[in-house]
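Each remark here refers to the structure printed beneath this line.
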Amino acid sequence: MKRIVVLAFVLVMLASLMLGCSKDDKTPTPAPDSQGGLPADSMAIAAERGLTPDDINAALMTYTPSGTWDEYITFMSGGHSGNLIAVGVPSMRILKNIAVFTPEAWQGYGFGNTEIEQMLDAGNVDGETIRMGDSHHPALSETAGDYDGQWIFINDKNSARVAVIDLRDFETKQIVKDPNIISNHGATFVSPNTDYIFQGAQYATPFGWEYAPLSEYQEKYRGMMTAWKFDREAGRIDPSKSFSIELPPYWQDLCDAGKLVSDGWVFCNSFNTEMATGGNMEGQPNFEASVSQRDMDYMHIIDWKKAEQVVAAGKTEEINGMPVISIPTAIEEGVLYLAPEPKSPHGMDVTPDGKYLVVAGKLDPHVTIYSFDKIQKAIASGNSTPDAFGIPILNFDDVMVAQLEVGLGPLHTQFDDKGNAYTSLFLDSMVAKWKLGGDDPAAYVVLNKVPVQYNIGHLVAAEGDTVSPDGKYLIALNKWAVDRFTPVGPLLPQNEQLIDISGDAMKVIYDMPMGVGEPHYAQMIKADKIHAINTYPEVGWDPISWQKSEFATLPGEERIERNGNEVEVFMTSVRSHLTPDRVEVKQGDHVIWHITNVETAQDATHGFQLDGHNISLSIEPGETANFEFDATNSGTYPYYCTEFCSALHLEMMGYFQVAP
Amino acid sequence: MSESVEKIIGPRVPAEEMKVHRGRYLAPTVLFLLAALLLIVSVFLPYWQLTLHAPQYPKGLTVEAYVNRLTGDVHEIDGLNHYIGMRPLDEAAPFEKSVAVLGVVVVALLVLAAVFVHSRWAALLALPALFFPVIFLVDLQYWLANFGQNLDPAAPLSNSVKPFVPPVLFEGKIAQFRTVASPGIGLWLAIAASVIILIGLYFHRRAYKPLADAQEAIRQDDAVHE
């Protein structure tokens, strides 16, 4: 019997042998040299490439080895590329160029995909197909004034549109077009809980951009502030619960929503309070001169919570389907005030505590700091003078706390976690770091500056416009690169410069050429706040409606149905075949085509293009995509998978034939 | 009770003896109960897993086999297998999977029955449970060989990947994939049950053999006197 016990032990020993042993494949970090510096071979590389110790430090701070992820994601607007670009920080690598207002073939965006075409068509203007954009200011969704990583919004200055992008799949879900303005700039900015996405106008036009002679500018032309209601549950802007506030035809510029104490308010600056209308061929000065005559323009101070009540009370006028609070109603209800600001200013940035507003002078070398508390007191005091439209202008001295000379061409301001502000200086090509001084004008001081290359526009600090900025990183979004990069012809990339702001002095640590757009504003969010999916939740998914598509086709369900002269194709794609691989129709047929990528593996995307037709799809794992067209020409047209999906990718094709 | 049945189920323990040597008779009972319990629990746990490692799958692809089903990256592995003409994994062992849960329950009940059999026949009742892990692995190896050997000759990669036999344990290699097969927690529980049964049988013999021997002696004694 003892033998049995022994046998049992042997069995246990054998069993434990079956356990796989994991290998540790990490190689140790090479030891530094005897002086405690870099290893000799690293020093040799630095010497050969002419790198200074600062260069080496910059490289160490930004180099992101294969397989390691960035700490932050910066969403940069693509400017007149009409898209939104996700960039990793500190690596400064482009992670994705998200198509928004402009077709983009790699993402199958705007090349036949039915749902995407419908979404883009919602931004058309008076029947004119608009397939470009000028995206300016991305706004991440916020909860209690902090980024929540769920949604991002962006405006199109060109046609006054706003887009909603879902950060689960980094794809555009909705585009809305303002029915009354055709030019926006102060957009998008969200209220602290993303109840509203604000959109301020820019170049004034008559309502609905109708014709009116420029001689009737003051009477007929108007600015606007639209509050787009965001339904977070649906993930969509709800135009039926949105409203606008009529504004004077001053060109509203940048806006920011109040937060914490100033929650419920939105602030916009403006220029062209001169109400100039051009005419440089008719003996008038250029716009650049005529809109820059006055020493003071007007900050617009809007009580959106009160405006919401005014709308609820029905004191609006419906214009082109949008409830609009008229200027007289806004004055009467205490929704709208003005405050002087020097001079054709640009940035409008609320401090993290929500107590102060920083307005950058642009043509004035100061930043002007306003106190929300003082604004409230000035409004309560009733001390004001009316503008040409009867809107109360508060006294400058009643609302202003301090003016700090920061340098030439101050444009935008961001904040860190230590009570400092950073202002871009376009003309000086510098970033100025300065200290916020609260209510004490003398406490506002410039700390130091760093040169950037060149012509800085916006700048973005890590979560630098939220209630809790992170500090650490700042990016200068420079308009000009001039000599910074290897020449690529007359159209140069922009230069996005990463700046280390963790210490007292700012240090430029990376130059990134932006060769796919011209970023205006950007927002930088901690990457771990975003929960992006790897594949769609279910095979047969419609990414726009975020539910299973009615056209989902599973393996074995592939078919071609004919209904009169309408042919409907239900296709699947999987490595490495498209089923069916023959589709034959008759000339003149209307073809409706559904493709489901039945893959569930991460990165197993299949593209689809049909030769001789303007169709390009990107069908990500689990997605169902649809397109339709008229088979106008007879012929033989191969279709194939455009993503190199597998070793047998070239074999992943089929023939579409149109019989005469 | 007939003599043959009495011989099979063995002697009952006299109440006086039970009082004196309670531990001696409790030990095999507790061990068999434990073994049966482990077997039942093992049905809910994976018995075997196979992980495929390849450069483009940094997390690997894993399929887990329970006694009655497969889970894990079956869809993806089937997708890859179509290149070499292997049948979908779910088509393997249809009979075994359909009877597995009931089978394990029966095997565990036989172990419980052994608690009441105080003769060497108890070992026979425990035998299926004792060898269950081996039976599982042998059957699995059979199906692996069956699948690896019967590839569709018209598959895209049938020229480069010839029929093969994936090993049921340890490492294998197929195209760019390194495969690592290892027992799952369920199989470890079944192995533990086997070991416990072995130990239980030892205590069973220690407890009941003296009683049986004594009974046999009395029986022979009676026969002599008759």
Side-chain angles (χ1 to χ4, degrees), chain A residues 1-23 25 66-69 534-536 538-540 554-556 572-579 581 596-606 621-622 643-653, chain B residues 31 48-49 51 53-54 56-59 61 72-83 88 123 130-131 133-134 137 155-157 160 168-171 175-176 178-185 187-207 209:
Chain A
M1 233 0 95
K2 269 181 194 159
R3 239 181 288 165
I4 290 174
V5 179
V6 173
L7 184 64
F9 275 113
V10 171
L11 259 177
V12 171
M13 295 308 286
L14 265 176
S16 56
L17 268 176
M18 293 178 189
L19 279 169
C21 37
S22 62
K23 281 176 210 155
D25 53 2
S66 178
T68 55
W69 296 354
N534 289 331
T535 58
Y536 283 110
E538 207 179 321
V539 170
L554 296 178
T572 61
S573 67
V574 70
R575 282 161 290 165
S576 309
H577 48 275
L578 292 151
T579 309
D581 56 11
T596 299
N597 179 352
V598 300
E599 303 272 6
T600 54
Q602 188 175 8
D603 218 349
T605 293
H606 295 294
E643 278 255 355
F644 203 109
C645 57
S646 64
L648 291 154
H649 158 75
L650 293 178
E651 289 78 355
M652 191 167 174
M653 66 82 66
Chain B
L31 288 169
W48 180 77
Q49 62 234 357
T51 304
H53 297 278
Q56 56 272 66
Y57 293 96
K59 289 176 194 156
L61 291 171
D73 302 311
V74 179
H75 180 85
E76 183 65 12
I77 291 171
D78 280 345
L80 294 168
N81 280 344
H82 97 276
Y83 286 117
L130 195 62
F131 287 105
V134 178
L137 286 173
L157 294 184
S160 45
V168 72
L169 288 173
F170 309 114
E171 282 196 23
Q176 80 268 40
R178 182 171 66 87
T179 64
V180 180
S182 54
I185 180 90
L187 187 59
W188 285 118
L189 290 189
I191 289 169
S194 297
V195 172
I196 289 166
I197 287 168
L198 277 177
I199 299 167
L201 284 174
Y202 165 75
F203 285 112
H204 186 276
R205 186 184 158 95
R206 200 185 66 166
K209 191 162 189 299

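Below, chain A is the first sequence line, B the second, and so on; all start at residue 1. Computed from a predicted model, the values in this text were never measured in an experiment.
Shown here for A/Asp603 and A/Pro621, the closest heavy-atom pair between the two residues is N-CG, 4.3 Å.
Residues forming a side chain to side chain contact (heavy atoms under 4.5 Å, CB included) with A/Val598 (at least two apart in sequence, or on another chain): A/Val539, A/Pro555, A/Thr572, A/Val574, A/Thr596. Applying the side chain to side chain contact (heavy atoms under 4.5 Å, CB included) test to A/Gln602 and every residue at least two apart in sequence or in another chain returns A/Asn534, B/Lys59. Remark: B/Thr179 engages B/Leu50, B/Leu52, B/Ile174 in a side chain to side chain contact (heavy atoms under 4.5 Å, CB included) (not counting sequence neighbours).
Among the residues in residues 73-83 of chain B, those with a non-hydrogen atom closer than 4.5 angstrom to a non-hydrogen atom of chain A are B/His75, B/Glu76, B/Leu80, B/His82, B/Tyr83.
Rounded to the nearest 0.5 Å, atoms NE2 (A/His577) and OG (A/Ser646) are 10.0 Å apart. A distance of 7.5 Å separates NE2 in B/His53 from CD in B/Glu171, rounded to the nearest 0.5 Å.
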